[in-house]
Amino acid sequence: MISRIDLRGDALPEGPALRDLLPRADFDVSAALEKVRPICEAVHHRGDAALIDYAEKFDGVRLDQVRVPAEAIERALAELDPAVRAALEESIRRARIVHREQRRTTHTTQVVPGGSVTEKWVPVDRVGLYAPGGRSVYPSSVIMNVVPAQEAGVQSIALASPAQAESDGLPHPTILAACALLGIDEVYAAGGATAVAMFAYGTESCPPANMVTGPGNIWVAAAKRYFTGKIGIDSEAGPTEIAVLADETADPVHVAADLISQAEHDPLAAAVLVTDSVTLADAVEKELQPQVAATKHIEDRITPALAGRQSAIVLVSGVDEGLRVVNAYGAEHLEIQTADAGSVADRVTNAGAIFIGPWAPVSLGDYAAGSNHVLPTGGCACHSSGLSVQSFLRGIHIVDYTREALAEVAHHVVTLAEAEDLPAHGAAIKARFEWKVPGK
């Protein structure tokens with residue numbers, strides 16, 4: 001059901017050579033880019049009409065309008081299962097506790113007497129948030145996108161999610177109910193690349209946004225790449241990933257359950273166990289069989305995900321070598337199930353989010369830890385972070401110098417300008433003074 005990669009014995013290679021040995025899904029955004037280009041341009045030139053046509057083509061439903069009526073959002077909340085509502089409200093509460101602490105404050109640095117630089121943080125004006133709705137429905141992704149944007153102070157927030165034929169062309173009612181709980185009343189029935197294009201270009205019903213965030217399939221990732229430079233994006237999210245670094249102290253029942261929990265997202269989902277214990281590897285492999293048989297989505301998601309080239313049990317010589325492997329892999333979600341898991345986690349440098357010990361599974365982070373589950377995939381954790389309040393803020397430097405403070409450093413500015421063969425830069429300084437070379 002899942003392959004093995006044996007990296008014991010010989011010294012592990014460094015850098016790219018080690019990364020090349022590790023499992024990873026095929027996810028060719030460049031190839032998808034050419035297919036989304038005409039879709040994006042159709043939305044550019046035809047607006048809502050293109051969105052309606054593509055909803056019929058891709059989602060199997062003909063829309064009367066793209067924007068979801070306010071009464072549909074209110075109705076979805078009124079009809080929501082009380083237990084689901086309570087769970088969503090608790091998820092929102094915990095996310096707000098964490099994200100509220102992330103807001104940066106204005107800070108002024110006095111560089112010299114009379115010369116200061118202030119950094120102030122300003123939210124983007126308008127964001128378009130995306131909640132997937134293909135194989136599964138993700139009201140949790142609504143929370144993970146909306147809460148940090150709201151805590152950052154974004155004033156205009158819109159959300160898009162695919163039209164559902166079973167919901168009369170509206171996004172899934174649980175998506176709409178989550179929007180209602182968060183106070184989001186601008187919602188659009190648009191999916192995939194069409195939703196990203198709608199936010200990038202704007203249409204008759206939807207003003208353009210400054211930024212688009214949210215997870216999605218390869219078409220969403222390709223559309224984000226297409227619009228990079230025109231709008232801000234969070235990341236080109238690929239298939240979800242879990243890596244578990246475990247030793248002989250880990251419970252194979254827990255490890256197998258956690259691998260399956262991510263495999264059920266998508267046939268391209270990655271489930272990777274890194275361990276120095278053959279006994280644990282054997283036990284986990286044995287445990288996968290009955291757990292998979294007892295759940296849903298076996299043939300269309302879990303089995304192909306676990307059997308795919310992106311998933312494996314990686315055997316290493318020890319926990320130190322396991323750390324090198326997981327740092328090279330840079331997982332979206334990394335669980336540490338070892339002795340002294342907290343100390344081991346402190347040595348991790350590349351991961352979207354780290355889950356310590358047996359009682360912090362990835363599922364907790366997906367819904368109710370308070371952390372954000374929109375995280376970097378495909379090894380991008382080596383240079384990128386997950387979604388946060390900071391994602392929606394811009395730092396602006398404010399430079400304030402008196403005449404005296406400028407005069408003190410003027411000759412250095414002129415010298416550097418001339419060293420770079422940019423004499424007009426120096427002239428802009430000289431114009432402010434009766435210029436003479438210092439010391440003459």
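What you see is a predicted model, and the numbers here were worked out from it, not measured in a lab. We're numbering straight along the sequence, starting at 1.
Considering only heavy atoms from C-beta on, Lys120 comes within 4.5 Å of Val122 through its side chain. Contact of the Val272 side chain with the Leu22 side chain is not registered, since no non-hydrogen atoms from C-beta on lie closer than 4.5 Å. Between Trp121 and Thr106, every side-chain heavy-atom pair lies at or beyond the 4.5 Å cut-off. Side-chain contact check for Thr203 versus Leu51: some heavy-atom pair is nearer than 4.5 Å. The closest side-chain heavy-atom distance from Val362 to Gln262 is below 4.5 Å. Residues Arg103 and Pro123 form a side-chain contact, since some pair of their non-hydrogen atoms from C-beta on lies under 4.5 Å apart. Here the side chains of Pro361 and Glu335 are in contact, with some heavy-atom distance below 4.5 Å. Using a 4.5 Å heavy-atom cutoff, the side chains of Ile97 and Arg93 are in contact.
Leu323 CG to Asn350 CG: the interatomic distance, rounded to the nearest 0.5 Å, is 11.0 Å. The distance from atom CD1 of Ile336 to atom CD1 of Ile356, rounded to the nearest 0.5 Å, is 7.5 Å. One finds the NE2 atom of His333 at 8.5 Å from the OG atom of Ser261 (value rounded to the nearest 0.5 Å). Between the CD atom of Glu90 and the CD1 atom of Ile143 there is a distance of 10.5 Å, given to the nearest 0.5 Å. Distance check: Met211 CE to Leu129 CG gives 9.0 Å after rounding to the nearest 0.5 Å. Here OG of Ser371 is found 11.5 Å from CD1 of Ile354. Values are rounded to the nearest 0.5 Å.
With 3.5 Å as the limit, one finds no donor-acceptor pair spanning the side chains of Ser116 and Gln110. There is a side-chain donor-acceptor pair under 3.5 Å between Tyr226 and Glu41. Neither side chain, Ser391 nor Asp234, offers a donor N or O lying under 3.5 Å from an acceptor on the other. Side chains of Thr279 and Glu248: no donor on one and acceptor on the other come within 3.5 Å. No hydrogens or angles considered: nothing links the side chains of Tyr138 and His373 as a donor-acceptor pair under 3.5 Å.
Salt bridge annotation for Glu151-Arg96: present, with a cationic side-chain nitrogen under 4.0 angstrom from a carboxylate oxygen. Asp276 and Arg8 are not joined by a salt bridge, as no carboxylate oxygen comes within less than 4.0 angstrom of a charged side-chain nitrogen. Between Glu236 and Lys224 no salt bridge is recorded (no basic side-chain N to carboxylate O distance below 4.0 Å). Of the charged side-chain nitrogens involved, at least one lies within less than 4.0 Å of a carboxylate oxygen, so that Glu89 and Arg85 count as a salt-bridged pair. Note on Asp266 versus Arg301: no salt bridge recorded, every NZ/NE/NH1/NH2 to OD/OE distance being 4.0 Å or above. With respect to Arg126 and Glu186, a salt bridge is recorded, a charged nitrogen being found less than 4.0 Å from a carboxylate O. Using a cut-off of 4.0 Å between Lys/Arg side-chain N and Asp/Glu carboxylate O, Arg67 and Asp48 are scored as not salt-bridged.
For the side chain to side chain contact (heavy atoms under 4.5 Å, CB included) with Ile313, the qualifying choice from Leu273, Asp6, Leu280 is Leu273, the only one to do so.
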With a 3.5 Å cut-off and sequence neighbours excluded, list the donor-acceptor pairs that the side chains of residues 378-390 form with protein atoms.
{"from": "Ser388", "atom 1": "OG", "to": "Gln390", "atom 2": "N", "distance (Å)": "3.2"}
{"from": "Gln390", "atom 1": "OE1", "to": "Arg104", "atom 2": "NE", "distance (Å)": "3.1"}

Compile the donor-acceptor pairs under 3.5 Å between side chains in residues 250-258 and protein atoms, sequence neighbours left out, one pair per line.
{"from": "Asp251", "atom 1": "OD1", "to": "Val253", "atom 2": "N", "distance (Å)": "2.8"}
{"from": "Asp258", "atom 1": "OD2", "to": "Gln337", "atom 2": "NE2", "distance (Å)": "3.4"}

Side-chain donor-acceptor pairs of residues 166-175 under 3.5 Å, sequence neighbours excluded:
{"from": "His172", "atom 1": "ND1", "to": "Thr174", "atom 2": "N", "distance (Å)": "3.0"}
{"from": "His172", "atom 1": "ND1", "to": "Thr174", "atom 2": "OG1", "distance (Å)": "3.2"}

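Listed by first and then second residue, the ring pair (Phe, Tyr, Trp, His ring centres under 6.0 Å) pairs that reach into residues 43-99 are His44-Tyr201, Tyr54-Phe58, sequence neighbours excluded. Residue pairs meeting the side-chain hydrogen bond (donor to acceptor under 3.5 Å, both in side chains) criterion with at least one member in residues 313-325, sequence neighbours excluded, are Glu14-Arg324, Asp320-Arg347. Contacts classified as salt bridge (charged side-chain N to carboxylate O under 4.0 Å, His left out) and involving residues 390-399 (residues at least two apart or in different chains) are not found.
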* Go through the steps to decide whether Tyr130 and Ser161 satisfy the test side chain to side chain contact (heavy atoms under 4.5 Å, CB included), and finish with yes or no. => CA-CA 6 Å; Tyr130 186 67; Ser161 192; 5.6 Å; no
* To do: Go through the steps for Leu334 and Tyr329 under the test side chain to side chain contact (heavy atoms under 4.5 Å, CB included), then give the verdict.
  => CA-CA 10 Å; Leu334 174 63; Tyr329 184 71; over 6 Å; no
* Run the side chain to side chain contact (heavy atoms under 4.5 Å, CB included) check on Arg37 and Ile39 step by step: do they pass? -> CA-CA 5 Å; Arg37 187 186 306 272; Ile39 295 173; over 6 Å; no
* Step-by-step side chain to side chain contact (heavy atoms under 4.5 Å, CB included) determination, Leu159 to Asn145 -> CA-CA 9 Å; Leu159 185 134; Asn145 277 271; 5.5 Å; no
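For the residue pair Ala269 and Ala305, the shortest heavy atom distance occurs at O-CB, 3.5 Å. Of all non-hydrogen atoms in Ser205 and Tyr188, the two that sit nearest each other are O-OH, 3.0 Å. A pairwise comparison of heavy atoms in Ala246 and Thr275 identifies O-OG1, 2.9 Å as the closest pair. Of all non-hydrogen atoms in Val374 and Asn372, the two that sit nearest each other are N-OD1, 2.9 Å.
A cation-pi geometry, defined here as NZ or CZ lying under 6.0 Å from the six-membered ring centre and within 45° of its normal, does not hold between Arg94 and Tyr367.
Atom CG of Asp64 has 12 or fewer heavy atoms from other residues, nucleotides or ligands within 6.0 Å.
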